[in-house]
Number of protein chains: 2
Amino acid sequence: MLSEFSLIEKYFSKKDQGDGIVLGVGDDCALLSKDSEYELAVTTDTQNEGIHFFKGTDPYLLGYKSLLVNVSDLAAMGAKPYALTLSLSLPEAQDSFLEPFSRGLMELASALHLALIGGNTTKGPLSITISAYGLVKKGQAMLRSGARVGDEIYVTGSLGLPGLLVDLGYETAELAAMLHKAGCRDSLRTLFEKLYPKSMLIANRCAFATSLSKYCRCAIDISDGLVGDLGHILSASGVGAEIWVENLPRPQEFLELGLEESYQERLCLFGGGDYELLFCVPKEHRAQVKQLSFEHNVALSLVGAIKNDVFTIIKCGKVVEYSDKAFEHF
Amino acid sequence: MLSEFSLIEKYFSKKDQGDGIVLGVGDDCALLSKDSEYELAVTTDTQNEGIHFFKGTDPYLLGYKSLLVNVSDLAAMGAKPYALTLSLSLPEAQDSFLEPFSRGLMELASALHLALIGGNTTKGPLSITISAYGLVKKGQAMLRSGARVGDEIYVTGSLGLPGLLVDLGYETAELAAMLHKAGCRDSLRTLFEKLYPKSMLIANRCAFATSLSKYCRCAIDISDGLVGDLGHILSASGVGAEIWVENLPRPQEFLELGLEESYQERLCLFGGGDYELLFCVPKEHRAQVKQLSFEHNVALSLVGAIKNDVFTIIKCGKVVEYSDKAFEHF
């Protein structure tokens with residue numbers, strides 16, 4: 001059994017160097033220097049066992065994803081990742097958990113030049129809260145309130161796989177029947193074990209987002225599902241939108257599994273946990289956006305447009321209605 | 001049942017205004033402006049039910065204390081509180097918890113002009129992680145590494161009551177016997193209920209600490225017990241110390257309860273959870289320190305001195321040994 005202090009030393013120290021870090025781990029607070037050309041973007045997110053990830057999740061993937069969900073918020077502002085703090089509650093301080101967990105987290109932190117500047121570890125049900133800090137040029141942050149009528153709506157990557165994984169994890173009879181009908185021979189459990197790692201290794205969109213902020217005034221990351229998160233933009237910007245179902249980027253796995261068309265659509269629209277970027281950008285920047293997509297090797301789909309008032313989902317030129325709701329945290 | 005969004009709106013919004021807050025609650029990140037004259041102090045702390053507070057704790061006190069433990073870290077650096085984020089996991093979103101909890105937290109935040117700039121609420125075992133931000137003039141932070149041989153060691157307020165409360169909460173037979181012998185007629189449970197609120201309403205030392213940082217280069221807040229936290233200073237500064245048992249500030253309750261002398265000493269030295277300031281300051285600043293104590297109405301005790309190498313606890317001129325250990329988080 002390790003004490004808090006040897007724990008921090010063993011797994012999380014000596015990563016606290018970086019530009020603008022006056023003092024890292026080891027005192028009552030960390031100290032960041034300030035530079036008036038930039039603003040500091042601050043975000044925080046919690047991952048609880050049984051709520052945000054399944055019990056028994058590979059600690060490496062958990063360490064990676066716990067940081068990624070925060071980094072995703074920085075990307076949604078166009079902020080360059082800079083520093084993080086980690087608050088870790090766990091039932092027991094075991095190397096078998098801590099070694100892979102810290103590896104997953106610190107590998108991503110190193111890749112992004114993110115310094116771990118502080119935090120705490122304590123006893124409790126497994127729960128990870130990370131706060132992440134990023135720098136954004138004064139006035140250049142991409143805000144939820146920045147959408148304008150006529151803007152085109154893009155999403156990065158593909159949508160819906162994390163939503164499918166949640167359904168697989170709950171092993172519903174309907175899903176089993178649907179997959180059986182489509183000729184899938186795997187059990188839900190086998191499929192889950194095959195696909196879960198992929199759904200945890202969500203992509204980091206930071207470099208693309210930082211470049212994008214030159215042309216784009218409005219972005220959000222998709223954590224609660226495309227419809228739910230676009231809803232935040234619409235209410236903050238006071239606008240409406242159209243979403244084009246045919247253009248939603250579906251993962252290769254949906255085709256391979258032969259999922260029903262309407263189920264695929266619902267996963268893409270309402271699934272959540274994708275941590276892809278959704279952004280709204282004036283039509284005249286289409287060429288620059290395309291160029292950035294190429295430079296950063298980030299797949300983009302044009303999935304809709306900002307409209308005057310109402311929000312509609314369009315399929316084959318017709319408005320369609322879904323009974324699903326955006327993800328609620330309680 | 002409230003959704004995350006109505007929850008945040010109902011209890012925690014419209015408190016995000018303040019100097020240097022470019023953007024508060026409601027986007028992917030908050031934005032803080034930067035001013036190169038200052039450094040930003042960053043700290044984070046978690047409170048878990050059953051570990052850091054007893055199940056059934058008054059939510060008002062819990063809201064207050066969850067913020068105070070973070071503010072205490074800012075005070076230990078001499079940083080002026082500025083902003084906070086709140087990550088709240090709770091089993092159910094109930095008004096009966098959230099109303100008093102947010103009141104306790106926001107009352108203290110308002111008193112300190114601390115803006116709530118972001119956070120999240122989610123389902124999970126009751127757990128509160130707060131990150132707090134403060135401003136400190138460049139180069140003026142009070143560090144653990146700042147103690148020098150000859151410095152005098154002071155503590156604010158009194159020590160040991162939170163330690164006693166932990167013992168009362170576990171209802172040990174030894175403690176019951178000791179209190180009975182001393183003529184105390186209350187049961188451990190009754191005493192606990194009488195004293196627990198007082199042990200949660202720990203004092204805020206921010207204003208005093210900000211002024212103190214003009215004269216003092218070394219401070220820490222006592223969370224793990226005086227001996228444990230002084231130990232961090234000694235190893236960071238590469239020095240030793242003497243602590244004078246007679247000078248330890250004991251709460252009035254210790255006398256009233258007739259606690260055994262050696263038990264009182266152990267609570268003061270090893271109890272933990274006091275969140276009082278311990279600081280080391282050169283003798284020549286004694287008059288200024290006294291003046292600040294008077295101005296801010298903060299009781300101070302001179303409890304020891306920084307020495308060359310070893311750490312000793314002195315009572316009546318003789319070195320004493322205790323078998324207790326500093327608090328460990330696992």
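None of these values were measured; they are calculated from a predicted model. Per chain, numbering begins at 1; letters A, B, ... match sequence-line order.
Options B/M142, B/E39, B/K138 differ in how many heavy-atom pairs under 4.5 Å they form with chain A, and the most are formed by B/E39. In terms of heavy-atom pairs under 4.5 Å with chain A, the best-connected choice from B/D27, B/V136, B/N48 is B/D27. In terms of heavy-atom pairs under 4.5 Å with chain B, the best-connected choice from A/D221, A/L40, A/T43, A/L74 is A/L40.
A salt bridge is defined here as a Lys NZ or Arg NE, NH1 or NH2 lying under 4.0 Å from an Asp or Glu carboxylate O, and A/R205 with A/E276 meets this definition.
For A/I233, no part sits under 4.5 Å from any heavy atom of chain B, backbone or side chain. For a residue to count as touching a neighbouring chain, one of its non-hydrogen atoms must lie under 4.5 Å from one of that chain's; by this rule B/L135 touches chain A with the side chain only. Both the backbone and the side chain of A/T46 come within contact range of chain B, with heavy atoms under 4.5 Å apart. Only the side chain of A/V22 comes within contact range of chain B, with heavy atoms under 4.5 Å apart. When heavy atoms are compared at a cutoff of 4.5 Å, A/A219 approaches chain B solely by way of its backbone atoms N, CA, C and O. Heavy-atom distances place no part of A/L126 under 4.5 Å from chain B, backbone and side chain included. With a 4.5 Å cut-off on non-hydrogen atoms, A/D73 touches chain B through its backbone and its side chain both. If you measure heavy-atom distances from B/A30 to chain A, the contacts under 4.5 Å come from both the backbone and the side chain.
Considering all non-hydrogen atoms of both residues, A/K65 and A/Y275 come closest at CE-CE1, 4.2 Å. Minimum interatomic distance between A/D229 and A/I220 (heavy atoms only, all atoms of both residues): O-CD1, 3.4 Å. What you find for A/F54 and A/V166 is that their closest heavy atoms are CZ-O, 4.1 Å. Scanning both residues, B/P59 and B/S96, for their nearest heavy atoms gives CG-O, 4.4 Å.
The aromatic rings of B/Y133 and A/Y133 stand perpendicular to each other, their planes meeting at an angle above 60°, with 30° marking the opposite boundary.
Side-chain atoms of B/S72 do not come within 3.5 Å of backbone N or O of B/L68 as any donor-acceptor pair.
With 3.5 Å as the limit, one finds no donor-acceptor pair spanning the side chains of A/T44 and B/T85.
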